[in-house]
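Data first, discussion second: the structure below is written as structure tokens.
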Amino acid sequence: MKIMDLLMSGLGKLSPRFVAFIEKRLTSVSFIRRRIEQEYADIIAELDTMLKPYRNSIISFSRIPDVGRDRQEIIKEMEAMRTSEESKWKDGFVSGAIYHGDSTHIDFLNRVYAINSQSNPLHSDVWPSTSKFEAEVIAMTANMLGAGSLNGDAAENEICGVVSSGGTESILLAMKAYRDWARHTKKIRKPEMIAPVSAHAAFNKAAQYFDIKLIQVPVDSHYKGDVDATRKAITKNTVVIVGSAPSFPHGIIDPIQEMSEMARERGIGFHTDACLGGFVLPWAEKLGYDVPPFDFRLAGVTSISADTHKYGYAAKGTSVILYRNKELRHYQYFTATDWPGGLYFSPTFAGSRPGALSASCWAAMATIGEQGYLLATQKILKTAEVIKKAINRIPELKVLGEPLFVIAIASDNLDIYKVMDYLAQKKWSLNGLHKPSCIHLCVTLRHTRPGVAQRFLDDLKAAVEYVKENPEMKGEMAPVYGMAATLPFRGVVSDLLKAYMDVLYKV
Ligand SMILES: Cc1ncc(COP(=O)(O)O)c(C=O)c1O
């Protein structure tokens with residue numbers, strides 16, 4: 001109300017009719033805003049119940065218990081929670097999230113974790129084994145992503161990297177490295193990065209954290225980053241251009257060849273975000289699929305993020321960020337030479353890190369091997385093919401673009417979020433996306449198990465029929481997504497998301 005009063009006081013010099021018009025608009029805007037806030041408060045109250053299912057069944061602590069609890073009891077409770085949660089992902093009802101999930105693989109990774117549970121790469125003198133594992137994870141990933149087929153000067157082609165905690169950290173690290181590289185070598189004080197709107201939100205996060213201006217360019221009708229728009233967006237302050245291989249929302253590979261060449265010609269960095277596709281596309285190419293170039297074989301690509309904890313089939317908590325040379329990697333490193341705590345250095349954001357995760361990442365790659373990755377990729381791409389074809393035969397639905405294994409589904413005449421709501425009732429946990437409104441299924445090994453793809457397609461067809469026959473259906477998430485997609489008050493939407501996170505931290 002205060003803002004409105006202020007605005008109104010400034011309108012005194014304008015014509016009374018105009019003032020009345022503005023007054024009416026502002027009143028209705030604040031009315032709508034209040035209505036939305038009320039609706040969102042109701043949503044949060046519902047979420048509270050949904051997100052805290054163990055409140056009444058399992059003991060909670062808001063302070064450390066006076067006397068430590070029995071270990072067996074703790075294990076029993078955790079096993080009970082695991083049992084109630086695991087059927088959803090084990091039976092393949094979840095998009096992405098669990099990329100392998102076979103129990104023999106999980107048991108193996110858990111054993112490896114247990115052997116290494118005390119190790120910390122910060123103390124490389126105490127655990128040289130961790131340094132071995134990380135160096136080899138990086139070398140194997142680099143080799144897979146083009147380093148193995150480069151000719152020429154060794155120093156120039158010295159592909160190197162670090163192990164990070166996940167895709168987001170890899171992206172944040174790379175963007176920080178480009179900012180500092182450009183500041184040091186080109187005196188750029190107001191750095192800018194260019195990324196298609198479909199690039200992962202982690203780039204937006206990097207822009208916010210490191211004060212880099214993010215210039216977003218549109219995608220074309222095939223959901224690929226627009227090459228002309230990228231060219232036009234380049235300024236003297238551009239430090240890096242980004243492309244995805246493939247993008248999270250629609251699973252589309254950007255025109256990395258053209259975009260990275262544009263960057264190379266101008267001495268700008270180019271980052272390929274292969275967090276999702278890094279451990280799929282090289283094998284897909286070997287299997288004969290049509291994979292456009294995206295890795296270090298392109299001279300303009302100066303860094304790549306590839307997530308071992310996705311299709312690398314490692315446990316959650318590792319990713320690899322690769323650079324074309326050590327110079328760039330040095331801009332990522334942190335050193336403190338005058339700290340009373342001693343000479344300090346750390347390659348990533350964290351200080352202490354779980355060496356056990358690096359060990360299990362190494363073990364995953366070593367045990368799966370090239371043959372295992374090829375087989376897994378073949379299964380995933382074949383399953384995705386079946387799903388895509390079947391969706392395209394449903395008249396009300398369409399697949400966006402021509403993806404390989406992340407399938408975004410939209411509709412011109414149905415509310416796709418209602419379709420998602422129906423599927424949620426059938427246990428499916430898909431991702432709702434917007435701009436344009438769609439949902440997606442990221443196909444993993446869970447979906448290649450017998451009967452899973454067919455069950456998805458049967459449920460999807462039933463969902464379409466139901467939504468068609470029940471236009472009055474309100475749905476649970478449909479109104480939230482619908483509103484969030486179209487609402488002009490992005491601040492309200494952002495507040496809702498913050499309120500959601502607050503709920504997560506409530507005991
Ligand atoms: C293309 C892409 N980039 C980055 C990320 C971020 O990865 P993480 O969730 O491991 O931080 C994802 C996650 O799905 C992704 O699909």
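A salt bridge links K468 to E465: at least one charged side-chain nitrogen sits closer than 4.0 Å to a carboxylate oxygen. We find that E77 and R69 are joined by a salt bridge, their nearest charged nitrogen and carboxylate oxygen being less than 4.0 Å apart. Using a 4.0 Å cut-off between charged nitrogen and carboxylate oxygen, K382 and E385 do not count as a salt-bridge pair. For the pair R446 and D102, the salt-bridge criterion is met [side-chain N within less than 4.0 Å of a carboxylate O]. With salt bridges taken as basic N to acidic carboxylate O contacts below 4.0 Å, one links D48 and R55.
A donor-acceptor contact shorter than 3.5 Å links the side chain of S411 to the backbone of L414.
Between H100 and H105, the ring planes are parallel. Angles under 30° get that label, and only those over 60° would be called perpendicular. Ring orientation note: the planes of F133 and W362 are tilted relative to one another, at an angle of 30° to 60°.
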_Let's go through S303 and Y178 carefully: what are the C-alpha distance in whole Å and the side-chain angles of both, what is the deciding distance for side chain to side chain donor-acceptor pair (under 3.5 Å) to 0.1 Å, and is it a yes or a no?_
CA-CA 10 Å; S303 57; Y178 284 116; 2.6 Å; yes
*ring-ring contact (aromatic ring centres under 6.0 Å, His included) between Y99 and F279, worked out*: CA-CA 11 Å; Y99 294 81; F279 282 82; over 10 Å; no
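Side chain to side chain, D458 and Q454 meet the donor-acceptor criterion of an N or O pair below 3.5 Å. For the residue pair S87/K427, the side-chain donor-acceptor check at 3.5 Å is satisfied.
D273 CG to I171 CD1: the interatomic distance, rounded to the nearest 0.5 Å, is 4.0 Å. Atom CD of E258 and atom CG of D226 lie 11.0 Å apart (nearest 0.5 Å). Interatomic distance, I159 CD1 to F296 CZ, rounded to the nearest 0.5 Å: 4.5 Å.
Seen from the ring of F93, R455 counts as a face-on cation partner, given the 6.0 Å and 45° thresholds.
More than 12 heavy atoms of other residues, nucleotides or ligands lie within 6.0 Å of NZ in K310, so this atom counts as buried by the packing criterion. For K52, the NZ atom sits in a packed shell: over 12 heavy atoms of surrounding residues, nucleotides or ligands are nearer than 6.0 Å.
Considering every non-hydrogen atom in both S360 and L109, the closest pair reads O-CD2, 3.6 Å.
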Indicate every side-chain donor-acceptor pair of residues 162-170 with a distance under 3.5 Å to a residue at least two apart or in another chain.
{"residue": "S164", "atom": "OG", "partner": "G166", "partner atom": "N", "Å": "3.3"}
{"residue": "S164", "atom": "OG", "partner": "G166", "partner atom": "O", "Å": "3.1"}
{"residue": "S164", "atom": "OG", "partner": "S170", "partner atom": "OG", "Å": "2.8"}
{"residue": "S165", "atom": "OG", "partner": "E169", "partner atom": "OE1", "Å": "2.5"}
{"residue": "E169", "atom": "OE1", "partner": "S165", "partner atom": "N", "Å": "2.8"}
{"residue": "E169", "atom": "OE2", "partner": "F349", "partner atom": "N", "Å": "3.1"}
{"residue": "S170", "atom": "OG", "partner": "G166", "partner atom": "O", "Å": "3.4"}
{"residue": "S170", "atom": "OG", "partner": "S319", "partner atom": "OG", "Å": "2.7"}

